[in-house]
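Small disclaimer: the values here were computed from a predicted structure and weren't measured.
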Amino acid sequence: MTDAPIDALRIDAALVRTLIAEQFPEWAGLPVRPVEPGGNDHRTFRLGDDLSVRLPSAPGYVAQVAKEQTWLPRLAAAVPLPIPEVRGVGAASELFPAPWSVYGWLPGEPLAAASVDDPVRLATDLAAFLDALRGADTTGAPPPGQHSAFRGCTVSVWDDEMRDILLRVDGWERDRAAGIWRDALEAPVQGSPVWFHGDVAVSNLLIRDGALGAVIDFGCSGVGDPACDTVMVWTSFDGRAREVFRNIYDVDEATWARGRGWAVWKALIMITNKPPAQRALARHVLDQLLAGV
């Protein structure tokens with residue numbers, strides 16, 4: 001990485017075309033268009049029909065680039081669904097001061113914008129994917145830290161912040177949320193660290209032909225506590241789908257307790273966000289957790 005700062009406002013199709021021409025001239029004639037909606041940590045552009053370009057939007061996300069370039073090829077054989085395939089390793093330059101990547105294009109629509117034919121099948125396929133990921137070889141793999149936004153760490157890393165954000169709810173809701181957090185802090189992490197995705201969200205699950213077709217965005221991945229990967233139980237699943245996910249993603253009760261702690265922390269973070277959809281999701285997750293789901 002060069003000493004120049006990353007200017008997220010300059011990350012546009014024109015920059016990507018110039019970077020491709022400079023470092024991958026064989027793809028210079030391909031059209032470039034932004035992928036919408038855009039991500040927060042990285043910006044993604046479609047390159048022709050079969051490729052995509054992904055650039056970090058701030059210095060805090062730069063370490064994720066090399067991590068994905070190194071580990072995605074190794075993880076691909078361990079999981080039952082497609083994940084991004086590294087097709088090119090872009091270097092920092094005068095044009096853009098950080099490394100970046102070219103990936104194969106994965107077809108599908110994000111779950112956030114797609115319809116699913118069978119929620120139980122979605123829960124089955126996602127749980128099987130995460131369970132397989134959890135079983136992948138961890139030799140030399142990255143422990144959690146800043147590169148993973150501290151996903152995979154023990155929930156105690158958020159304890160100081162949690163004391164403040166508990167004030168965003170009142171009365172019995174605050175008492176119940178505090179109890180969920182205490183249970184999470186007391187739930188022991190047993191066994192060796194395992195692979196986790198770190199950002200299992202509707203924007204990172206691609207739906208194709210009504211079913212889960214691929215899992216993307218491993219920027220927050222690493223090897224540690226997989227409790228953060230339980231969140232779909234409260235964000236997206238209910239009824240039989242929730243039950244199936246719990247049964248297939250076969251972790252112990254302590255991991256579920258830490259997952260509830262992670263989910264209540266995240267919900268309290270988002271409940272004051274400006275976008276109405278984020279506030280509504282946070283309220284939904286809190287309602288699920290406070291009801292004892």
Is there a side-chain contact between [X] and [Y] (heavy atoms, below 4.5 Å)?
X    : Y    : result
P34  : D12  : no
V285 : K266 : no
V102 : I20  : yes

Reported CZ-to-CD distance for the pair F96 and E94, which is rounded to 0.5 angstrom: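 Rounded to the nearest 0.5 Å, the CZ-CD separation comes out at 13.0 Å.
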
Carboxylate-amine/guanidinium proximity below 4.0 Å for R240 and E243: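 So R240 pairs with E243 through a salt bridge.
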
Ring geometry between F245 and W256 (parallel below 30°, tilted from 30 to 60°, perpendicular above 60°):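 Ring orientation, 0 to 90° scale: perpendicular.
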
Pairs satisfying side-chain hydrogen bond (donor to acceptor under 3.5 Å, both in side chains), at least one member in residues 176-191, at least two apart: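 Residue pairs passing side-chain hydrogen bond (donor to acceptor under 3.5 Å, both in side chains), neighbours aside: D159-W181.
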
V16 versus F45, closest heavy-atom pair with distance: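 Looks like CG2-CD1, 3.6 Å.
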
Output side-chain donor-acceptor pairs under 3.5 Å for residues 267-281, partner residues at least two apart or in another chain, one line each.
residue, atom, partner, partner atom, Å
T272, OG1, R168, NH1, 3.2
N273, ND2, Q278, OE1, 2.6
R279, NH1, N273, O, 3.1
R279, NH1, K274, O, 2.5

Intermediate values then yes/no, side-chain contact (heavy atoms from CB on, under 4.5 Å), L185 and V155: CA-CA 6 Å; L185 290 173; V155 293; 3.9 Å; yes

Residues that F218 engages under ring pair (Phe, Tyr, Trp, His ring centres under 6.0 Å), provided they are two or more places apart: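 Only H197 meet the ring pair (Phe, Tyr, Trp, His ring centres under 6.0 Å) criterion with F218.
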
Sidechain-backbone polar pair: R242 side chain, F237 backbone, donor-acceptor under 3.5 Å: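 Indeed, once roles are kept as given, a pair shorter than 3.5 Å links the two residues.
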
R121-T124 side chain donor-acceptor pair, cut-off 3.5 Å: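 The criterion, which ignores hydrogens and geometry beyond distance, is not satisfied for T124 and R121.
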
Residues, nucleotides or ligands: over 12 heavy atoms within 6.0 Å of Q146 CD: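 Count not over threshold, so no.
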
